[in-house]
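In this text the structure is predicted, and so the values were computed from the model without any measurement. Heads up: numbering here begins at 1 and tracks the sequence.
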Amino acid sequence: MTGVRVAALHTYPVKGCRRLDHDDARVEPWGLAGDRRWMIIDPDGVGITQREAPALVHIRPQPVAGGLTLHTAGRPTPDVPPPVAPTLDVCAPVAGPPVQVRVFRAKAPVPARLAEATAHAWISAVIGRPARLAWLADPTVRAVNPDHSRPGDTVSFADGYPVLLTNAASLDAVNDWLVESGDPAAPLPMHRFRPNVVISGAPAWAEDGWLGRRIRIGDVTFRVAKACSRCVVTTTDQDTGERGQQPLRILARHHRGPKGVLFGMNIIPDGTGRITVGDNVVVAAGPDS
């Protein structure tokens, strides 16, 4: 396969919040640099995601030296009071209070550091529920699912794998199905799927055939570990937080796996380096070994 290239690169500094778009990105063992090193947690230390708090779309993080600046357009819903200010500067809590956090309630806890109380209050006001902000000071502490990885593979606060890759032609196929069905949701944008790497130039669903193989993006090699099962987050408008039924309904009809609807591939870096929009994507001829 020739002509496959990187079309877009994205990171999500705070899990569940607004994306950042990049021309290039540093690949680290646990994901793209700066991706999901922060997470908003509930009083029990469990991550709060868009699954239960779509208002997270209103928080727009911007990394700055030594921390983050958090922005919000203001009041996300009529019954939630606005935050004290439209922006908040947050320092990385290098010596902040230690806390054990879980990305999901059923997952093992990992150590993190709590940001200052002002960050907790600001975020709680934006999303309308008690919340705290935690920082993954050591990104090597969280292991990838051993069923689909190798010893030593680690991940940030992403759901389960370091990097998510999606294919522009597969989204075109989804939107074609929506148009054919007369669904007014079409066209859906790629950011509904919250990928890190978007490719173009491959046929629709070509990525399904890469499972268990290696791909090279620029000078960095990745293992294609697992197809990505999709959840209600994909039905959330990433600008407004409003929910619909698509694309889960159309994917359930046309692209379903044994454990749910599928879109995109979870990939694990074999090394570090820099990848750039426009880089060639080369797929290994045979299975990973």
Side-chain contact, heavy-atom cut-off 4.5 Å: [X] with [Y]?
{"X": "S156", "Y": "K15", "answer": "no"}
{"X": "T154", "Y": "R142", "answer": "no"}
{"X": "V232", "Y": "R243", "answer": "yes"}
{"X": "L68", "Y": "P13", "answer": "yes"}
{"X": "M265", "Y": "K226", "answer": "no"}
{"X": "D23", "Y": "T276", "answer": "no"}
{"X": "M190", "Y": "P195", "answer": "yes"}
{"X": "T221", "Y": "I215", "answer": "no"}

Under 4.5 Å between side-chain heavy atoms, counting indirect links through other Ile/Leu/Val/Met/Phe/Trp/Tyr residues: same cluster for [X] and [Y] or not?
{"X": "V64", "Y": "W122", "result": "no"}
{"X": "V197", "Y": "L211", "result": "yes"}
{"X": "W38", "Y": "I40", "result": "yes"}
{"X": "M39", "Y": "V141", "result": "yes"}
{"X": "V94", "Y": "V110", "result": "no"}

Only pairs under 3.5 Å count here: list side-chain donor-acceptor contacts from residues 43-52, not counting sequence neighbours, and write none if there are none.
residue, atom, partner, partner atom, Å
T49, OG1, R51, N, 3.1
T49, OG1, R51, NH1, 3.3
T49, OG1, E52, OE1, 3.3
Q50, OE1, Q238, NE2, 2.8
Q50, NE2, G16, O, 2.8
Q50, NE2, Q238, OE1, 3.0
R51, NH2, D159, OD2, 2.6
E52, OE2, T49, N, 3.0

Subject >> Within residues 238-276 or reaching into it, pairs that qualify as ring-ring contact (aromatic ring centres under 6.0 Å, His included) - sequence neighbours excluded >> reply: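 Checked against ring-ring contact (aromatic ring centres under 6.0 Å, His included) - neighbours excluded - the pairs reaching residues 238-276 are W177-H254, F193-F263, W205-H255, W205-F263.
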Original post:
Do any pairs count as a ring-ring contact (aromatic ring centres under 6.0 Å, His included) and have a residue in residues 212-244, sequence neighbours left out, and if so which ones?
Top reply: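 Those involving residues 212-244 do not exist here.
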Which atom of [X] lies closest to which atom of [Y], heavy atoms considered:
{"X": "V155", "Y": "A143", "answer": "CG1-O, 4.1 Å"}
{"X": "I268", "Y": "S149", "answer": "CD1-CB, 3.9 Å"}
{"X": "V198", "Y": "A168", "answer": "CG1-N, 4.3 Å"}
{"X": "P162", "Y": "V144", "answer": "CD-CG2, 4.2 Å"}
{"X": "P29", "Y": "T272", "answer": "CD-CG2, 3.6 Å"}
{"X": "A173", "Y": "A204", "answer": "CB-CB, 4.1 Å"}

Could you state the interatomic distance from [atom1] ([X]) to [atom2] ([Y]), rounded to the nearest 0.5 Å?
{"X": "L171", "Y": "H191", "atom1": "CG", "atom2": "NE2", "result": "10.5 Å"}
{"X": "I250", "Y": "L178", "atom1": "CD1", "atom2": "CG", "result": "5.0 Å"}
{"X": "L20", "Y": "T11", "atom1": "CG", "atom2": "OG1", "result": "4.5 Å"}
{"X": "L136", "Y": "W30", "atom1": "CG", "atom2": "CH2", "result": "9.5 Å"}
{"X": "I199", "Y": "S170", "atom1": "CD1", "atom2": "OG", "result": "7.5 Å"}
{"X": "I267", "Y": "C228", "atom1": "CD1", "atom2": "SG", "result": "11.5 Å"}

Does [Y] offer a backbone N or O that forms a donor-acceptor pair with the side chain of [X] under 3.5 Å?
{"X": "R132", "Y": "H120", "answer": "no"}
{"X": "N196", "Y": "L164", "answer": "yes"}
{"X": "R192", "Y": "P247", "answer": "no"}
{"X": "T72", "Y": "H58", "answer": "yes"}
{"X": "D35", "Y": "Y12", "answer": "yes"}
{"X": "R113", "Y": "G96", "answer": "yes"}
{"X": "T236", "Y": "P54", "answer": "no"}
{"X": "R36", "Y": "L32", "answer": "no"}
{"X": "N280", "Y": "I217", "answer": "no"}

Subject >> Test log, rule side chain to side chain contact (heavy atoms under 4.5 Å, CB included), inputs L114 and L133 >> reply: CA-CA 6 Å; L114 286 175; L133 181 62; over 6 Å; no
Original post:
More than 12 heavy atoms of other residues, nucleotides or ligands under 6.0 Å from CG of D172: is that the case?
Top reply: yes
**OP:** Step through the shown structure and confirm whether more than 12 heavy atoms of other residues, nucleotides or ligands are within 6.0 Å of CZ on R102.
**Re:** yes
Subject >> Residues H10, D21; criterion side-chain hydrogen bond (donor to acceptor under 3.5 Å, both in side chains); working and verdict >> reply: CA-CA 5 Å; H10 309 289; D21 307 327; 2.8 Å; yes
Original post:
Do we see a donor-acceptor contact under 3.5 Å between the side chains of S181 and D183?
Top reply: no
**OP:** I would like to know whether L262 and R256 meet side chain to side chain contact (heavy atoms under 4.5 Å, CB included); could you show each step before the answer?
**Re:** CA-CA 6 Å; L262 305 174; R256 190 180 186 94; over 6 Å; no
**OP:** Using a strict cut-off of less than 4.0 Å between a Lys/Arg side-chain nitrogen and an Asp/Glu carboxylate oxygen, indicate whether D239 and R18 qualify as a salt bridge.
**Re:** yes
Subject >> Positive for side chain to side chain donor-acceptor pair (under 3.5 Å) with D270, one of R150, R216, R223 >> reply: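 It is R223; the other options fail the test.
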Subject >> Verdict with supporting geometry, V57 and T240, side chain to side chain contact (heavy atoms under 4.5 Å, CB included) >> reply: CA-CA 7 Å; V57 304; T240 67; over 6 Å; no
Subject >> Criterion side chain to side chain contact (heavy atoms under 4.5 Å, CB included) on W135 and R37, from CA distance to verdict >> reply: CA-CA 6 Å; W135 180 60; R37 288 288 296 275; 4.0 Å; yes
